[in-house]
Amino acid sequence: MRKRVWSSVLLLVLSLSLILAGCGSNNGGTAPASGGAETASGGSNSGSSGDGSEIKVGILHSLSGTMAISEKSVHDAELMAIEEINAKGGVLGKKLVPVIEDGASDWPTFAEKARKLISEDKVATVFGGWTSASRKAMLPVFEEMNGLLWYPVQYEGLESSPNIFYTGATTNQQIVPAVTWLLENRGKKFYLLGSDYVFPRTANKIIKEQLKAEGGELAGEEYTPLGHTDYSTIISKIQQADPDVVFNTLNGDSNVAFFKQLKDAGITAQDMTTLSVSVAEEEIRGIGADVLEGHLAAWNYYQTTDTPENKTFVENYKAKYGADRVTADPIEAGYTAVYLWAAAVEKAGSTDVAAVKEAAKGLEWNAPEGKVTIDGENQHIYKPVRIGEVQADGQFKELWSTGEEVKPDPYLKGYDWAASLSSGG
Amino acid sequence: MQLRTLTPQRIYILIGYAVAATALFCAPLYLNDFRLNLLAKFLAFAIVALGLDLIWGYTGILSLGHGVFFGLGAYAMAMYLKLEASGGRLPDFMEWSGLSSLPLFWKPFESFGFAVAAGLLIPALLALFLGYFTFRNRIKGVYFTILTQALVIITTTLFIGQQAFTGGTNGLTGFSTLFGTSLAGTGMKHTLYYVTAALLIVAFVLCRVIVKSRFGKVLRAVRDGENRARFIGYNPAVYQMVVFSISGALAGLAGMLFVLHVGIISPSMMGIVPSIEMVLWVAIGGRGTLVGAALGAILMNSAKSVFSENYPDAWLFFLGLLFVIVVVFLPKGLVGLFSRITFRKRKESEEHDGAAAISHPAVRAGNG
């Protein structure tokens with residue numbers, strides 16, 4: 001008897017889940033979707049995004065998997081920007097409705113979800129991505145379906161898709177000025193340490209060319225797998241090489257291990273300069289300000305950046321998500337992306353991709369990091385570059401800044417020494 | 001099963017096949033391009049599941065390294081597509097990784113025929129190679145499984161490290177055409193879908209022929225009693241090697257189709273998690289039945305897509321719950337549940353308490 005009860009319960013559960021699965025697929029089959037409005041965002045029934053009283057926009061970040069810890073904050077900032085815009089009456093008088101998808105830290109999933117957002121939800125634009133790999137996976141989808149992607153993270157450059165706006169820094173807005181500054185202020189001998197994937201490898205290629213051209217010296221170069229946590233060997237190698245500067249392109253958890261073990265080995269920021277390009281306020285929280293104190297980073301924005309816009313931004317972000325949360329460069333870039341898109345749509349009078357792209361050319365906006373301008377040619381944005389030093393409270397003190405905004409140059413065409421890198425054009 | 005008479009159960013099964021074939025054939029009529037593309041991807045996964053079932057369900061070899069075979073097939077096809085997309089120039093990632101000319105081993109991949117052959121043979125040969133050193137030395141069970149995991153780690157590390165040759169963590173993407181026709185067109189999507197559906201049916205029939213043949217009987221004998229099979233005079237190692245190699249080739253085939261549908265392959269797709277997921281499809285669908293394996297792959301992936309679309313914050317919990325339910329309560333998978341129900345009905349009409357006998361299916365978990 002008991003057995004029979006069990007299997008009927010099971011059958012019920014399974015058939016329910018299958019029916020659920022079936023429903024979902026059917027919804028997709030008969031566009032526009034009619035049910036399935038349970039999403040936190042409240043997926044609505046409006047057809048394509050030009051008409052009706054709403055405009056759908058996609059938010060596509062990793063909400064699960066290894067990248068979730070970084071991407072969730074950007075996702076939050078983008079939702080906050082959408083809320084703020086809606087509170088002020090929306091765009092073209094229409095409310096923005098976010099459609100949220102999870103990229104799950106998996107590149108093919110990013111491609112699949114991007115396709116879904118464009119073809120099923122018919123979103124006007126997508127804000128999303130973090131890793132270069134996720135952007136590279138989405139790029140063909142956006143080009144094929146003529147969608148629009150706003151990518152909010154600093155990256156390795158050498159790319160300029162007509163369907164992507166890059167609101168993070170390209171190399172000449174982060175790495176190249178940082179290397180120049182280090183050569184002038186901290187010494188000639190560089191040790192390059194990075195995680196083993198595309199961004200560090202490409203960044204280091206650029207740095208090596210630049211060192212050759214600007215009189216620097218390469219003391220060593222080392223890559224560790226993503227998630228690597230034992231740096232004792234590498235630290236002793238660094239000690240032997242005795243560089244003036246360690247240029248750090250490690251990503252994620254590895255930074256925690258590297259900086260803790262560096263401190264344990266008795267090396268402080270006074271003994272040796274390290275400059276990181278993937279350690280921001282958010283990462284400092286995870287690593288510990290006491291461990292990182294005195295170490296350097298290069299970004300376009302810090303939570304301490306002194307602009308009236310930033311004051312409001314930080315206040316609102318903390319009010320919405322908690323006083324213990326911090327803002328950081330990619331978070332600000334994601335927030336800025338939403339506003340830039342909204343401004344371009346207002347200017348174009350429509351959400352049509354071609355019209356928005358045309359309207360975006362030369363568009364200016366006072367972002368928390370300062371005034372930013374969209375470069376119509378490569379769809380990157382002009383931004384200021386800042387070098388900061390970690391303070392005991394986990395915030396950055398700005399040591400140096402370019403003052404004015406730097407023109408984006410993803411292919412480093414303005415640098416003679418980079419000729420061999422940018423043949424891709 | 002051995003009976004050739006048309007029992008009602010047999011008729012149901014035949015009807016089931018007919019319905020499935022019709023549903024596959026008519027899919028482009030009731031699915032839009034996006035959903036069709038997803039279904040095509042799931043069908044490719046079903047091919048891996050068939051191959052896995054062949055070795056796990058029928059031969060008792062648990063491989064947690066099929067992501068590698070899948071990935072090798074996928075990379076072979078991706079290399080061809082990348083070269084075609086680059087149109088005679090150096091692929092973009094090689095340029096920024098500092099290569100100035102195309103590496104020698106990339107050259108033959110300009111030919112579609114070579115790419116397809118490589119996508120089938122490289123996984124098959126790798127499986128044969130691995131099988132030669134393990135099965136011949138009577139390494140089996142959990143030790144073999146650990147070796148396959150090692151293979152996964154070695155391969156992904158190699159592919160990530162050799163960025164100039166493999167595209168590193170980004171993998172290979174940015175394809176545009178196949179035989180000069182855009183991959184994006186509806187016509188191309190439908191064609192690729194039908195090719196995948198047809199290949200799935202071919203793979204299914206092939207596996208069924210293998211399983212029903214004398215060869216298949218020996219496989220099951222090896223699974224249930226390797227030493228007995230050996231004493232009777234069969235060399236289990238040979239059978240294991242051959243079936244492992246067939247299974248690898250099927251995974252390679254699926255990988256090639258995957259790249260055509262998804263447009264990207266990266267080392268993360270051949271890593272440990274996808275390799276284990278593949279085994280889960282088989283376990284959930286029903287190990288030891290070909291239909292179960294294929295259905296498991298299609299249903300689990302559909303569930304994953306649908307859950308993650310509707311509940312982007314919590315989909316993993318739903319998926320996990322589904323896994324737990326199936327693993328704890330349905331040791332024979334979904335197919336086991338259905339046959340249990342139909343079987344019980346029949347039994348119940350015959351005698352009162354007959355169901356008890358089959359509600360304790362002998363699960364050979366330890367044998368894997």
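Below, read A as the first sequence line, B as the second, and so on, with proteins coming before strands; counting in each chain starts at 1. As a basis for the values below, the full set of heavy atoms in this structure was taken, side chains included, without hydrogen atoms, waters or symmetry mates.
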>> Ignoring hydrogens, what is the shortest heavy-atom contact between A:Lys116 and B:Phe34? Give both atom names and the distance.
In response: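 Scanning both residues, the minimum pair turns out to be CB-CZ, 3.1 Å.
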> Does the side chain of B:Pro312 reach to within under 4.5 Å of the side chain of A:Lys113, using non-hydrogen atoms?
Replying inline: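 Answer no - side chains too far apart.
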> Would a distance-only check, ignoring hydrogens and angles, find a side-chain to backbone donor-acceptor pair under 3.5 Å from A:Trp107 to B:Gly171?
Replying inline: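 No, A:Trp107 side chain to B:Gly171 backbone: no donor-acceptor pair under 3.5 Å.
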> Which one of B:Ile264, B:Thr173, B:Leu172 satisfies the side chain to side chain contact (heavy atoms under 4.5 Å, CB included) criterion with A:Lys136?
Replying inline: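 With A:Lys136 as partner, B:Ile264, B:Thr173, B:Leu172 yield a single side chain to side chain contact (heavy atoms under 4.5 Å, CB included), made by B:Thr173.
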>> Please classify the contact between A:Pro108 and chain B as side chain, backbone, both or neither, with a heavy-atom cut-off of under 4.5 Å.
In response: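 Both parts, heavy atoms under 4.5 Å.
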>> Side chains of B:Asn37 and A:Glu112: any donor to acceptor distance under 3.5 Å?
In response: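 No, no side-chain donor-acceptor contact under 3.5 Å.
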> side chain to side chain donor-acceptor pair (under 3.5 Å) between A:Glu144 and B:Ser176: does it pass, once the steps are laid out?
Replying inline: CA-CA 9 Å; A:Glu144 172 195 323; B:Ser176 50; over 6 Å; no
[X] versus chain A, heavy atoms under 4.5 Å apart: side chain, backbone, both or neither?
X	answer
B:Leu316	side chain
B:Ser308	both
B:Asp33	neither
B:Leu321	neither
B:Phe93	neither

> Under a 4.5 Å heavy-atom cutoff, which of B:Gly168, B:Ser268, B:Gly161 has the most pairs with chain A?
Replying inline: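 Heavy-atom pairs under 4.5 Å are most numerous for B:Gly161.
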